[in-house]
Amino acid sequence: MTDIRTVELLFLLLLLFIIAFGQLARRIGTPYPIVMIVGGLLLGLIPGIPRFTLDPDLIFLVVLPPLLYSSAWTTSWRDFRLNLVSILFLAFGLVGFTVLGVAFIGPRVLSGFDWRLALVLGAIVAPTDAIAASSIAKKIGLPSRIVDVLEGESLINDASGLLALQFAIAIVVSRTVPTIGGGLLSLAWLTVGGIGLGLLVGWVVYIIEKHIDDGPIENTLSILIPYAAYFIADAAHASGVLAVVACGLFLTRRSATMFSPTVRLQISSFWQAFVFVLNGLVFVLIGLQLPTILAAIRGYSLRSMILDGAIFSLMLIALRLMWVFPGSWLANFVYCRIHHTREKAPSARAAFVVGWTGMRGVVSLAAALSLPTLLADGSPFPQRDFIVFLTFCVILVTLVLQGVTLTPLVRWLGLAGAAGPNCEELEARRIVIEAAVEHLESIKQTREGVSDEIFDDIIGHYRHRLASLQPTEADQEHVAHHYSFVEISRETANIERETAVRLRDEGRINDEVMRRIQRELDLNESRFSSDGDD
């Protein structure tokens, strides 16, 4: 039994690494998944560093559900639905193409592999990583449609990849080939059952949430939700991945009415930190796996292993690029036929960026580590350790090479910042402010006991905010007034905060009173920050 003090020390070390690598990523302006996996890799090469073994159950049962739920929660259902055809072509079409492509090419470039082992390897590396792709794509300012497609693909293709892996493992372990009919039935149940059970869990949670208004309780419930959806679907032999995604998409549409404003702020802050820690743990742990992986491999020289890993990684990148060009055109054709409209097909530049943004991550490594050690006849699973190594190489190459080169590539192609200002957001802000002004003016004469000066002051503030959204020459005075108001408000908030601290230090108020005052000031200042960004 592992000493609890040792576990505690290792956990503290991991958290320390996450903090250090996260701060480094911020300083150098690099997406943190890249810095953390490289940092973990370098740490793993240091003599004396404790060896961390990544348990696949830890990934599938502990880490994956909340990460998928968080990604689904921040996904726009409208954009997901509009890009659904393109997403499905990638999540199912590209996964199938990758699995079959690796099965065909793999035996020709990898020694000791037949088509069955190559099929297993293809299924393992087919899914992309939900966090790596979207965090990198958003940071460099890719057009929103590309980001939406990449996020949608990575949310769904875990399910199709893991299904393909189940069939591939069955072929190798029991040396039987499942029937096409059986495969389609399994796919149908995994998809329909997973989505249905996820929606059921989401509906039950929505009913429960309507009767709760307590931040700590609802934070705890939000942690429970993805695990409940995943475990229920998994117990029914449906897709836990799709269940979590469906549940998250269902609830995020209702979050505006499901939570009170205070609870919504608390849950948002909690999940930002929670997801950062989980992602940091898995990416650092991926980097730390290399010594353990290398120690398990026998019969290969390090040079030949690295060469095979590089060749296979480039082959995988090439397969994705081969698919996205005809796939994007075909997806656009199907979309136009379904919606009876004419949409311009994605440009070759956009298709190339989608093809280049195929980062692999923790799901692929966990799938490789979950391979059985023995076949049905009791013999060792062939090339198991080498499959794990090749998977690690793919993660490292796609995440680091493609992640680092993506920014200059996007700029060279002229796609960086192509989305321009968020006109949709500006229009929404204008409409909601105008609605507020209209409401204030309608009740100004009917609200007894409230002076006109109060209404005029509030309406004036709203008009200044409205003028700051789309300033004209005539509005410059209003805009200047608004920004002066924000600047002075921040300055006076700092004075209030310093005074509250001084009163606490002098013993005139206790810490609880000071924290209440600070919370109100912090909330107000966050509102000022939002106003200043308009």
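Each residue takes its place number in the sequence, starting with 1. As a basis for the values below, the full set of heavy atoms in this structure was taken, side chains included, without hydrogen atoms, waters or symmetry mates.
Every residue two or more places apart in sequence or in another chain was checked for a ring-ring contact (aromatic ring centres under 6.0 Å, His included) with Y462, and none qualifies. Residues satisfying the ring-ring contact (aromatic ring centres under 6.0 Å, His included) criterion with W356, sequence neighbours excluded, are absent altogether. Remark: F392 engages no residue in a ring-ring contact (aromatic ring centres under 6.0 Å, His included) (not counting sequence neighbours). Listed by chain and number, the residues in a side-chain contact (heavy atoms from CB on, under 4.5 Å) with D213 are E218, S260, V263 (sequence neighbours excluded). Take E520 and apply the salt bridge (Lys or Arg N to Asp or Glu O under 4.0 Å) test, not counting sequence neighbours, and it matches no residue. Under the salt bridge (Lys or Arg N to Asp or Glu O under 4.0 Å) criterion, R516 pairs with E512, not counting sequence neighbours. Shown here are the ring-ring contact (aromatic ring centres under 6.0 Å, His included) partners of W77, two or more places apart in sequence or in another chain: F80. In this view, V324 and L90, R320, V354 satisfy the side-chain contact (heavy atoms from CB on, under 4.5 Å) rule, not counting sequence neighbours.
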Show me the side-chain donor-acceptor pairs of residues 361-368 shorter than 3.5 Å, one per line, residues at least two apart or across chains.
| from | atom 1 | to | atom 2 | distance (Å) |
| --- | --- | --- | --- | --- |
| S364 | OG | I124 | O | 2.9 |

Per-pair distances, 0.1 Å, donor-acceptor, side chain in residues 498-506, under 3.5 Å, sequence neighbours excluded:
| from | atom 1 | to | atom 2 | distance (Å) |
| --- | --- | --- | --- | --- |
| T499 | OG1 | I495 | O | 2.7 |
| R502 | NH1 | E506 | OE2 | 3.3 |
| R504 | NH1 | D511 | OD1 | 2.9 |
| E506 | OE1 | R508 | NH1 | 3.4 |

Could you pull out all donor-acceptor pairs under 3.5 Å where a side-chain atom in residues 200-210 meets a protein atom, sequence neighbours excluded?
none

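For the salt bridge (charged side-chain N to carboxylate O under 4.0 Å, His left out) condition, the pairs that include at least one residue of residues 58-87, sequence neighbours left out, are R78-E424.
Between the side chains of N157 and T128, at least one donor N or O sits under 3.5 Å from an acceptor N or O.
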